[in-house]
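Following: one structure in structure tokens, then a few remarks.
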Protein chains: 2
Amino acid sequence: MIGSVSDTQSDGRRPVFAAERRQRILELVRANGAVSLRELAQAVHSSEVTVRRDLRALESEGLLNRHHGGATLPGELTREAGYTHKVSLESAEKAAIADLAAALVEDGDAIVIGPGTTTQEFARRLTRHSELAVVTNSLLVAQALAASPRVEVMLTGGTLRGSILALVGSAAERSVAGLRVRRAFISGNGLSAERGLSTPTMVVAGVDRALAAAAEEVVVLADHTKVGIDTMVQTIPPEGIDHLVTDEGAPSEVLDELAGRGVRLHIARL
Amino acid sequence: MIGSVSDTQSDGRRPVFAAERRQRILELVRANGAVSLRELAQAVHSSEVTVRRDLRALESEGLLNRHHGGATLPGELTREAGYTHKVSLESAEKAAIADLAAALVEDGDAIVIGPGTTTQEFARRLTRHSELAVVTNSLLVAQALAASPRVEVMLTGGTLRGSILALVGSAAERSVAGLRVRRAFISGNGLSAERGLSTPTMVVAGVDRALAAAAEEVVVLADHTKVGIDTMVQTIPPEGIDHLVTDEGAPSEVLDELAGRGVRLHIARL
DNA sequence: AGATTTCCGATCAGATTCGTACTTAAACGG
DNA sequence: CCGTTTAAGTACGAATCTGATCGGAAATCT
């Protein structure tokens with residue numbers, strides 16, 4: 001379709017090919033960070049429907065993010081891969097999971113807590129424990145425990161990832177390298193029987209692995225919307241997971257498979 | 001990116017997407033710790049109803065806490081009684097000091113920021129800078145800068161001191177050991193000409209020293225209530241202080257003495 | 001403790017935008 | 001020369017976003 005160079009009439013009219021138009025759209029979005037659909041249509045001399053189609057294609061390639069009214073760069077405005085939208089209504093499930101997971105913690109324990117809204121909820125449950133030592137890379141988890149005088153909170157170092165308010169990077173991984181705790185409580189964006197726990201970004205995966213490596217046992221906290229889902233980067237293989245805390249909505253075939261690989265299941269009832 | 005598209009007069013209409021607006025709201029809440037609903041509505045040029053909806057969505061994602069009249073950072077301690085009380089006190093002086101100190105930062109700098117209400121205020125002024133690298137041991141400073149994509153924030157590791165939401169201890173000191181930045185912006189509880197900067201607790205003093213040691217120049221931020229005061233542990237001797245940013249109320253004899261020891265003075269005018 | 005003011009939640013209406021179906025135009029091949 | 005295929009434009013119903021209003025709840029003041 002693009003190969004039809006035979007007809008290059010170089011006079012006043014410009015034959016705008018689809019690829020050329022999309023490239024121009026990308027340039028505009030990159031230059032301004034956010035451009036409205038109307039402006040784009042005007043800029044490339046096409047109808048809004050055409051631009052919409054282009055945007056859909058570009059979005060599927062991950063080159064930009066589409067919103068109501070226009071498009072933006074990926075990364076700047078996006079939080080973690082949009083999974084947070086789904087999670088927004090599951091607060092009851094999360095609370096139940098957090099309750100159940102808190103039962104796995106005993107006074108005097110040393111534990112690791114990873115970032116995530118579920119683990120944050122879990123951390124709130126620990127304020128009544130005594131003589132707890134908690135290592136985390138999540139600012140929200142740290143703040144949830146900051147007011148508890150009998151819980152010692154250690155934060156890993158690292159560069160701050162603003163979208164999830166957690167510390168990542170080589171410094172974060174190094175700072176837990178010499179650590180040894182009893183249990184690590186980790187969340188993620190997807191959990192499948194084949195690939196285990198996974199998240200959509202590399203840097204987050206790196207620290208998650210490091211956190212898990214510091215613990216004798218790994219406890220995964222995942223509500224049912226994440227069970228059976230695979231995202232880009234694998235963090236913990238199924239064999240590395242010792243406990244899974246989830247809620248009733250999780251597909252049983254995935255749970256059975258995980259149990260077959262040695263994962264102990266804890267199902268929270270609402 | 002917000003300021004760059006501010007030429008609304010020429011076009012008469014600017015595309016503000018929902019996601020963009022929410023991001024801006026988050027930015028404001030993180031930078032100020034607590035923002036009223038009315039202020040938010042005014043800042044994003046939307047109705048209060050819309051902001052309320054946004055807040056509801058953001059709260060369900062755990063990114064902020066909302067309550068009557070506005071929203072605050074997530075985490076219980078952020079609006080601890082003593083803390084917000086202190087923030088409101090002398091806010092005019094602190095703001096003036098922060099403004100003046102922000103002028104000492106240039107795009108592309110690498111700086112260190114210590115904990116404290118004044119330095120937190122100072123950090124808020126840096127959200128518009130580009131290509132900034134900030135190292136801090138204060139969770140509040142980190143959160144103030146979390147939403148700025150052009151500022152890289154690195155947190156030291158360490159054990160969390162809940163009362164000031166800052167990281168202390170040997171791990172914190174170690175993590176800045178190999179660091180070298182241009183300027184360190186430090187606050188404290190007292191500043192006298194004889195003993196320099198001081199704080200009432202040992203562990204805080206330890207990190208303050210470590211932070212100062214990582215910078216070529218040390219900038220002390222202290223409002224007039226701290227000038228002439230000595231507290232228990234000395235952190236930085238007067239010779240180690242390169243700049244002092246304070247306000248008009250500071251006793252001139254102390255300032256003169258400090259100037260005589262090589263401290264460059266920056267007096268903020270209200 | 002009671003009254004007043006402020007703020008929140010819910011419902012409704014207006015406007016814009018999105019998705020899909022349908023139509024038109026051009027290119028390609030026989 | 002004509003049918004088929006692909007891209008682009010038009011149209012319309014559906015979904016979404018925003019702003020306004022009103023009853024009720026919460027906080028503040030006296």
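First the proteins, then the strands, lettered A, B, ... as listed; each starts at 1.
B:Glu121 has a carboxylate O that lies under 4.0 Å from a charged side-chain N of B:Arg124, or vice versa, which qualifies the two as a salt bridge. Taking 4.0 Å as the cut-off between side-chain N and carboxylate O, A:Lys94 and A:Asp223 do not count as a salt-bridged pair. Salt-bridge annotation for B:Arg24 and B:Glu20: absent, with no side-chain N of the basic residue lying under 4.0 Å from a carboxylate O of the acidic one. Look at B:Arg150 and B:Glu131 and you find no salt bridge, because none of the NZ, NE, NH1 or NH2 atoms lies under 4.0 Å from a carboxylate O.
Phosphate proximity of D:dG19 to B:Thr50: present, with a side-chain N or O under 4.0 Å from OP1 or OP2.
Straight-line distance from the CG atom of B:Asn65 to the P atom of C:dC8: 14 Å, rounded to whole Å. A:Ile25 places its CD1 atom 10 Å from the P atom of D:dA8, with the value rounded to the nearest Å. Atom C1' of nucleotide D:dT18 and atom CZ of B:Arg22 are separated by 12 Å, given to the nearest angstrom.
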What string of B, S and - do you get for nucleotides 14-20 of chain C, 5' to 3', when a contact is any protein heavy atom under 4.0 Å?
-> ---SBSS
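Candidate nucleotides D:dT18, D:dG19, D:dG9 were compared by shortest atom distance to the side chain of A:Ser47, and D:dG9 ranks first.
With hydrogens and angles ignored, the 3.5 Å screen pairs no side-chain donor or acceptor of A:Ser198 with any backbone N or O of A:Asp230.
Annotation: side chain to side chain donor-acceptor pair (under 3.5 Å) contacts of A:Ser187 (sequence neighbours excluded): A:Lys226.
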